[in-house]
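Report on one structure; see the data block that follows.
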There are 2 protein chains.
Amino acid sequence: MSGRANSVDCKVCVIRHTGICAALTAEELDQLSRIAQVRVFKPGQVITRQADTPDFFASIVSGIVLLIETASDGRRQIVGLLFPPDFVGRPFGSRSSYAAVAASELSLCCFPYPTFGRFLNTHAGLHRRLLEHTLDELDAARKWMFLLGRKSAGERVASFLLLAARRATSFGCANNGLSNFARFSLPMTRSDIADCLGLTNETVSREITRLRRREVIEIRDNRNVVVPDLRALRLVAGDDPDSLSGMVN
Amino acid sequence: MSGRANSVDCKVCVIRHTGICAALTAEELDQLSRIAQVRVFKPGQVITRQADTPDFFASIVSGIVLLIETASDGRRQIVGLLFPPDFVGRPFGSRSSYAAVAASELSLCCFPYPTFGRFLNTHAGLHRRLLEHTLDELDAARKWMFLLGRKSAGERVASFLLLAARRATSFGCANNGLSNFARFSLPMTRSDIADCLGLTNETVSREITRLRRREVIEIRDNRNVVVPDLRALRLVAGDDPDSLSGMVN
DNA sequence: CGACACTTTGACTGTAGTCAATGTAAGTGG
DNA sequence: CCACTTACATTGACTACAGTCAAAGTGTCG
């Protein structure tokens, strides 16, 4: 079902200062580390099945998680794209209405129920951080609703590439933070991207080819993307110039 | 900008036992009432403008709130449909990326910043309740993403009517909780419904007419809807039989 | 009554979906 | 090493669903 559990040293964790645990003192962190377990997953591996009740809450340490809703007739929609230090599951537990799947090599820092809930109730700072993070996710989901409800296929694909560019570090390869240039590698198939954007894989493919022909992007090996001018891509994405668009802020 | 503030008696409030304040003891409630202000809004009145930073956090006491995202070219998407005892805004404040508009006669119980944040930090139960509520909203938003990305126009309209039926009490008129029958009145124009579903008002109108011709629904006065057989409507909506579909659980 | 806002209906268009064939790359086993 | 398989991507031809534009219908309010 998942990789083996490792003992945890939170002090040297890569998300120590960005994750929800950033709200904790060194001492509190020590307590937390005693209930934490790191688990690793392979690409495509299922973390939680739709309608399942998982037995842990987790922070993403590295890798990407897809939240996927599948209807009984097979239609799929990816309803969430999670990066470090996002979290998977609900802090007090509950049945999940969508599946969580690893989209890459993944490592999760898992906190079992109900221990984590008790810990949370006695640490207001952590509680608050979790609330703020959830509110951010909600804002991001609502932004994505605009994309799904109102954007054209071309705008959707461009928006997705912008999201990938912004998350380049998680997507693999490096890019230059503030520059107008980006280079990254896509971890998902055209079908996955389509399920994310409410399109078909054919349409995604066509729109990518069109962007390539217009020289807004360059692609090597179907995976490695170069965006010479992010502003041009942003223009195609149809975002308001001031807003920081994307599924995750 | 809004209705006048009234003094508050939380003990007799209609959402006393359903709202986030249900987490509080009588004594705590008394403290909270001292910082609360009730404000009333008329249909169509703007509560928060897009990109504004409101100065309060609020619970909906009665009425309906729409969260609306508008692009610079005029495209609109309703990204949230809020009912009592949902809340509007963020507990610790922040710039809003969408507008909040009253869809009906509305009364809000408002808590000013930063007072409410301080109150929250010292009341773990309230904090937790807020977190759970936000997680529910996030789940609901993700469910709506499936509708926007994958459902046909007919399924979308049927899903909306189901949502309205479930929220009948808020939408006006009564219905019979567990029965298979529903009667309610729609508080929104066809255009608003379209903006909710990622469609045009013409398409919404056509699909409603089609449902009427198929005798899945009856309509009087363009507003009063009767659903003789909710299961039939559910079938048209294309929901999995087991899931409690809709924007709000 | 007339003005206005909203709804419905119709004719036509266009975007994205469907179905099908071909192309490409990575991995397997003889 | 090379055929072969498999999975994924691209391209093309055609279709259909929903959008657009326009006109007529309905209801409400001053």
Side-chain angles (χ1 to χ4, degrees), chain A residues 42-44 66 71 73-78 101 103-104 147-161 164 185-214 217-225 236 238, chain B residues 42-44 66 71 73-78 103-104 147-161 185-214 217-225 236 238:
Chain A
K42 295 271 163 217
L66 306 179
D73 61 4
R75 283 182 285 188
R76 280 160 49 102
Q77 174 69 42
I78 292 177
V101 178
S104 66
L147 176 143
L148 293 173
R150 292 303 183 197
K151 283 194 177 180
S152 70
E155 290 171 328
R156 292 184 203 200
V157 171
S159 298
F160 182 87
L161 293 173
S185 107
L186 289 175
M188 300 160 66
T189 66
R190 300 288 184 269
S191 291
D192 284 341
I193 297 172
D195 285 340
C196 212
L197 300 174
L199 300 170
T200 60
N201 55 3
E202 292 95 330
T203 300
V204 170
S205 181
R206 277 188 252 270
E207 294 301 333
I208 285 181
T209 326
R210 185 184 295 182
L211 284 171
R212 212 164 33 174
R213 278 210 252 276
R214 290 212 272 160
I217 61 173
E218 294 161 39
I219 298 195
R220 291 275 234 171
D221 306 337
N222 284 339
R223 276 295 204 280
N224 294 306
V225 181
V236 178
Chain B
K42 295 270 162 217
L66 307 178
D73 62 3
R75 282 181 286 187
R76 281 160 47 103
Q77 175 68 42
I78 292 178
S104 65
L147 176 144
L148 293 172
R150 293 302 181 197
K151 284 193 177 180
S152 70
E155 291 171 327
R156 292 184 203 200
V157 171
S159 299
F160 182 86
L161 292 172
S185 107
L186 289 174
M188 299 160 65
T189 66
R190 300 288 183 270
S191 292
D192 284 341
I193 297 172
D195 286 339
C196 212
L197 299 174
L199 300 170
T200 60
N201 55 2
E202 293 95 331
T203 299
V204 171
S205 180
R206 276 187 253 269
E207 293 301 334
I208 286 181
T209 321
R210 184 184 295 182
L211 285 172
R212 214 165 29 176
R213 278 209 251 274
R214 290 211 271 161
I217 60 173
E218 294 161 39
I219 298 195
R220 291 274 236 170
D221 307 337
N222 285 336
R223 277 296 204 278
N224 294 305
V225 181
V236 178

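Computed over heavy atoms, backbone and side chain alike; hydrogens, waters and symmetry mates excluded.
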[X] [atom1] to [N] [atom2]: how many Å, rounded?
| X | N | atom1 | atom2 | value |
| --- | --- | --- | --- | --- |
| A/I193 | D/dC8 | CD1 | P | 13 Å |
| B/D192 | C/dA5 | CG | P | 15 Å |
| A/N224 | C/dA25 | CG | C1' | 14 Å |
| A/N201 | C/dT22 | CG | P | 18 Å |

Short question: side chain of [X], backbone of [Y] - any donor-acceptor pair under 3.5 Å?
| X | Y | result |
| --- | --- | --- |
| A/S159 | A/E155 | yes |
| B/R150 | A/R75 | no |
| B/R156 | B/L197 | yes |

Scoring nucleotides 16-30 of chain D by protein non-hydrogen atoms under 4.0 Å (B base, S sugar-phosphate only, - none) yields --SSBB---------

Compare all side-chain heavy atoms of [X] with those of [Y] and state whether any distance is below 4.5 angstrom.
| X | Y | result |
| --- | --- | --- |
| B/R210 | B/V157 | no |
| A/N222 | A/R190 | yes |
| A/L199 | A/E207 | no |

Out of curiosity, [X] [atom1] to [Y] [atom2], how far, rounded to the nearest 0.5 Å?
| X | Y | atom1 | atom2 | answer |
| --- | --- | --- | --- | --- |
| A/Q77 | A/L148 | CD | CG | 5.0 Å |
| A/S205 | A/N201 | OG | CG | 7.5 Å |
| B/I219 | B/R212 | CD1 | CZ | 5.0 Å |
| B/L66 | B/M188 | CG | CE | 5.0 Å |

Compute the angle between the rotation axes at the two ends of the helix from C/dC1-D/dG30 to C/dG30-D/dC1, each taken over five pairs, rounded to 10 degrees.
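Rounded to the nearest 10 degrees, the bend comes out at 30°.
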
ask   = Just to confirm, is there a sub-4.0 Å distance from OP1 or OP2 of C/dC6 to any side-chain nitrogen or oxygen of B/R190?
value =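 For C/dC6, OP1/OP2 do not have a side-chain N/O of B/R190 under 4.0 Å.
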
- Message: It should be established whether A/S191 places a side-chain nitrogen or oxygen under 4.0 Å from OP1 or OP2 of nucleotide D/dC8.
- Response: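 Looking at the OP1 and OP2 atoms of D/dC8, neither is under 4.0 Å from any side-chain N or O of A/S191.
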
Practice item. In plain terms, say whether B/D221 and B/R223 are close enough for a salt bridge, that is, a side-chain N and a carboxylate O under 4.0 Å apart. Key: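 Salt bridge flag = no for B/R223 with B/D221.
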
| message | Categorize B/T189 for me: base, sugar-phosphate, or nothing, with a 4.0 angstrom heavy-atom threshold over every strand shown. | response |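 The answer is sugar-phosphate, as B/T189 gets under 4.0 Å only of primed atoms, P, OP1 or OP2.
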
Atom pairs, N/O to N/O, protein against nucleotides 5-7 of chain D, distance under 3.5 Å?
none

